[in-house]
Amino acid sequence: MKNKKKKIVTAVVVYSLICVLAGCRFKKEIEFDATKERENSQEEIEKNENETSEEKSKAQDENTHIYADTLNVKRMGIDLDYFVQIFLGTSTIEEAEKYKPKHSLGDYYYEMDGKTIVYTNTGGIIYIDATDGAGDCYDSIVNSLGYFSNGMGNSFRQLCPDENLDTCTKEQAIEACSKYAQACGYGSDCDITVYAFTLDAIEKVNKVFADSISAPGEGFDIVTKGQVEELRDEGKDEEAEKMDAQLHSATSRGLPWKKEHEAMVLYYRSEINGLLMDSHESGLEIVYVPYMDKIVLISGYTPYEQIADSETNELISEKVAMSQAAQTLGMRTQDDIQIDAVSLVYAMQYAGTDQMCAVPAWKVDYVLKNVDENTQIRDPGSLLIDAVSGFVADYWKQD
């Protein structure tokens, strides 16, 4: 994981973590020994920023005040010609028209050779390779527990502690995905986190679902949404319903996952003024399978860019954020939770009338203690605390 820590110049947005209810302020704070927590957090001290946890705690103990700006932001556009060149092999966006289904499913919706490519005007991007049912199978096994929608929290790192597979290094995976990430707006200056999604990790996730998520494999009949809608346009509703049921049926074929199905999961995040954008409506996920030597899934959003400052606020301390996170999660003592890292990020907040803001938030990465493995794997492992209000970050702005 590329870890960057720059001097704070501006601030970040309030973000809503999907799997956590909006938090309340503490009636009783849990006191954390930040130094003790970091000592037990694998290699976090070496990986985490240039400034050590002990230095941060000391600064806070000396009543150092931290300020940051809330920002007004908007989605960055992408080079549409380059986008279709990479994904469709055409020279221009006009030439890509031949890959649109007859039924209109959006201005930039394409189907080609078993692949579906979508770019929306709101910045959403989807790429699914349905060959052997791979795209849907990997989407289910990687994202069925909401890891990506929660910003690839600490639980996914616990599930996938390594960055390299036996068959593929981190660097090889980044190279294989580079041009696709660039086409989606993520250049060489973005942050890339890499996870080696091993067979062991696959089996742990599948166990939660009683081994019901099928592996990809030969014999899957590809059906596209364009074909389904074309039948509906022709008034063949019954046939359309049968075909629609087949559309995502690859995940229920019962094929076993094998070593060859191991994948590399790459998570891309952009920065504004040195702080990472970390929210369920920012970031890009790419799943690359070395055995197939191809990308089977891309999901996410184009980066944001700043359009204006809003206001400057003093932020709550890292310790207060840790305590709020523990209280929100129902932890009674420090022994119930292990804090692996706390970092200041931008979280997204919808301010109404299509206006997006980025507000400062403390991202608390943790591991629940004294709980069973099923509870741990289902928990996102990360919580965003609004660094201005002290509440759990909320995507929907509260007046």
(request) Tell me, please, which residues at least two apart from Tyr304 pass ring pair (Phe, Tyr, Trp, His ring centres under 6.0 Å). (result) none
(request) Verify the distance criterion only: is there a donor paired with an acceptor across the side chains of Asn164 and Thr169 at less than 3.5 Å? (result) no
(request) Indicate yes or no: at least one non-hydrogen side-chain atom of Tyr195 is less than 4.5 angstrom from one of Arg157. (result) yes
(request) To the nearest 0.5 Å, tell me how far Cys184 SG sits from Tyr301 OH. (result) 13.0 Å
(request) Please tell me if the side chains of Pro380 and Tyr366 come closer than 4.5 Å, counting only heavy atoms from C-beta onward. (result) yes
(message) Within the structure provided, determine whether Glu271 and Asp189 are in side-chain contact (heavy-atom separation under 4.5 Å).
(response) no
(message) Quick test of your reading: applying ring-ring contact (aromatic ring centres under 6.0 Å, His included), list the pairs with at least one residue in residues 159-185, sequence neighbours left out, ordered by first then second residue.
(response) Phe87-Tyr180
(message) By the side chain to side chain donor-acceptor pair (under 3.5 Å) test, which pairs, at least two apart or in different chains, include something from residues 118-128?
(response) Thr120-Thr122
(message) For Glu239, is there an ion pair with Lys242 - N to carboxylate O distance below 4.0 angstrom?
(response) no
(message) With heavy-atom distances below 4.5 Å as the criterion, would you say the side chains of Phe197 and Leu159 are in contact?
(response) yes
(request) Starting at CD1 of Ile192, measure out to CD1 of Ile286 and round the result to the nearest 0.5 Å. (result) 8.5 Å
(request) Calculate, to the nearest 0.5 Å, the distance between atoms OH and CD belonging to Tyr288 and Gln172 respectively. (result) 7.5 Å
(request) For the pair Asp129 (side chain) and Thr131 (backbone), establish whether a donor and an acceptor sit closer than 3.5 Å, ignoring hydrogens and angles. (result) yes
(request) Supply the atom-to-atom distance Lys207 NZ to Ile213 CD1, rounded to the nearest 0.5 angstrom. (result) 14.5 Å
(request) Could you check if a side-chain atom of Val342 sits within less than 4.5 angstrom of a side-chain atom of Met322, using non-hydrogen atoms only? (result) yes
(message) Side chains of Glu285 and Asn143 only: does a donor on one sit below 3.5 Å from an acceptor on the other?
(response) yes
(message) Just verifying a value: how many Å separate Glu111 CD and Ile128 CD1, rounded to the nearest 0.5 Å?
(response) 11.0 Å
(message) When you compare the side chain of Trp362 with that of Ile316, does any pair of heavy atoms fall below 4.5 Å?
(response) yes
(request) Hey, could you give me the OH/NE2 distance between Tyr138 and His261, rounded to the nearest 0.5 Å? (result) 5.5 Å
(message) Looking at every heavy atom in both Cys177 and Tyr268, which two are closest together, and how far apart are they?
(response) CB-OH, 3.4 Å
(message) Tell me whether Asp166 is salt-bridged to Lys259, with the criterion being a basic N under 4.0 Å from an acidic carboxylate O.
(response) yes
(message) Any salt bridge linking Glu260 with Lys258? Criterion: basic side-chain nitrogen under 4.0 Å from a carboxylate oxygen.
(response) no
